[in-house]
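One-based numbering, in listed order, for ligands and for the atoms of each.
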Amino acid sequence: METLHHILQASFTKAIRHAFNDLSEAESHAEMAPCQQEGFGHYQCNSALRLAKIVKKNPRAVAQEIEKALDQKTRAMCDKIEIAGPGFLNITLSSSFLSHEIEHVLADSHFGASLPARCLKVVIDFSSPNVAKELHVGHIRSTIIGECLSRLFEFLGCEVLRLNHIGDWGTQFGMLITYMKEHAKAVLRGEEKTDLISLMGWYKNAKKQFDQDPEFKNRSQLEVVRLQSGDSESIRIWKIICEISRKSHQEIYDLLDVKLIERGESFYNPLLKDVVDELEKKGLVTISDNAKCIFLEGFANREGEPLPVIIQKSDGGYNYDTTDLAALRHRLFVEKADRIIYVVDSGQSLHFQMIFKTAENAGWYDPAQIEVDHVGFGVVLGPDGKKFKTRSGETEKLMDLLTEAVDRARTVIRERLPDAPEEEIDHLARVIGIDAIKYADLSSHRLKDYVFSYDRMLRFDGNTAVFLLYAYVRINGIQRKTKVDLDKISGRLLLQHPSEIALGLHIRRFGEILELMARDLLPNRLTDYLYELADKFNAFYRDCRVEGTPEEASRLLLCQAAARILKQGLEILGLQTVERM
Ligand code: ARG
């Protein structure tokens, strides 16, 4: 289904072309926006102000000519089209038109969102933790935002490849394998089970010994060579290490209901030499301090010295940059992605700018054809405004944080539903606790740091998951109370009261919001929209009686549309709904 924004934009563009036939195609393109103030109308077209300069007429006169040139179909959609201020065109849609539109939304599998003409392939790199280290709060944002964007593009009919670019390769494995060969013999013989906690302990010890003991350092470096050359015992131990990490990370993905395909740095290892060769052949590489470097225009460090992408170190080793270049090339040429998205903290923004620029210079892609975006995000802060830490001062572990949210949700729910069986309370606590964490993250503008607060995220008022879940429960409650079988409702939907019209218009705008979100990749667009939806629903329910009125059937249909959009919106955010709370 086309969005109203598109429909109106097309009609007004046509009218402009009709009224001023000397304009170029770009010049006659109509700007359409939702009205700033509800009282003025539903949409507004501001193009007259811009066109006035081109056709050298007064903007109000231009607006008048546009209005006169509108076709019959557009007029029939509107109650009134008014010229206001210096030359704005304010459009008020008719309630009968909007009512029809909501009926269509109810029958539409995509609730009024328009789908791209062709199925696009979108690669999203997210979560991407490192092996032998636990996921921490820093990874939560990437995981939650990446899952949300994946769901958005899936809903919009794209083929999404969700990639977990885990840090599973590099020289650090040399010391870890050496340490385990010396201190974890029983584990390596398969006689003893182990977990990520022990692994992290070994990693810490190995690092310490590596820094203090030259003999150990030497053995570790030899181990790196063995691993790189594919020595079977080294590879076997490396696989054990990866498997321990994988198991622990998977527990978190399961709890968060996140799906990812693992394609770590090791996957690209065999491709690195080729990438370096190609870049050299293309003349992009400069040797600096014995390292192979790519210098890009406009990239300098704080001292103003040129900052290179280092693709091969002086010791011959490859690094993070090389791997990301190989990954980008693979995603472009093997995966044939139409769009590539990296959900990684803003601290890595320079890294990605340089990788993208290098790929562009190598002729791998044209940014006008294929969108490659770094979706950065800010830091999670504690109540003291500093980086979130546990009481012991360590960076908070993700699993502890999720468990705590679920525990706190359990306390809240037990108070509200004292008679509910323990099983139901457990289920609700799990859903509400996880939803609260996700929503708190997605509803803050991703580029800003945000303050983590269990108390705030579990509140029943304000812009929280709990508020939205409760709104959803309430709407379903209304439907249940009337005992009307919604599938069998006959009769039309007719929006009458201003609160009904406001809710109807908002419901119809769902697709527009998703389109904006797909463009700027800001999940808080959708949370803001849903919060407003719940608000508009509450106003409608306050102003309009449903049960036992002549309007009951129509209003129930409106409730149903609101409930479906709310549920679908929450689903795109990665949130589950509940039936009572
Ligand atoms: N493993 C990295 C880290 O934890 C993030 C990787 C992000 N993805 C990428 N293609 N570089 O910092």
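- Ring-centre distance between Phe356 and Tyr342: below the 6.0 Å cut-off.
- At a threshold of 4.0 Å, the pair Glu147-Arg151 counts as salt-bridged, since one of the basic side-chain nitrogens sits closer than that to a carboxylate oxygen.
- Using a 4.0 Å heavy-atom criterion, the residues that approach ligand 1 are Asp125, Ser128, Asn130, His139, His165, Tyr320, Asp324, Tyr342, Val344, Gln348, Phe352.
- The one candidate from Tyr531, Tyr472, Tyr439 that meets the ring-ring contact (aromatic ring centres under 6.0 Å, His included) condition with Phe467 is Tyr531.
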Give every donor-acceptor pair under 3.5 Å between a side-chain atom in residues 268-276 and any protein atom, sequence neighbours left out.
from	atom 1	to	atom 2	distance (Å)
Tyr268	OH	Arg331	NH2	3.4
Asn269	OD1	Trp169	NE1	3.2
Lys273	NZ	Asp277	OD2	2.9

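- Rounded to the nearest 0.5 angstrom, Arg525 CZ and Ile513 CD1 are separated by 7.0 Å.
- Looking at Arg263 and Glu335, a side-chain N of the basic residue comes within less than 4.0 Å of a carboxylate O on the acidic one, giving a salt bridge.
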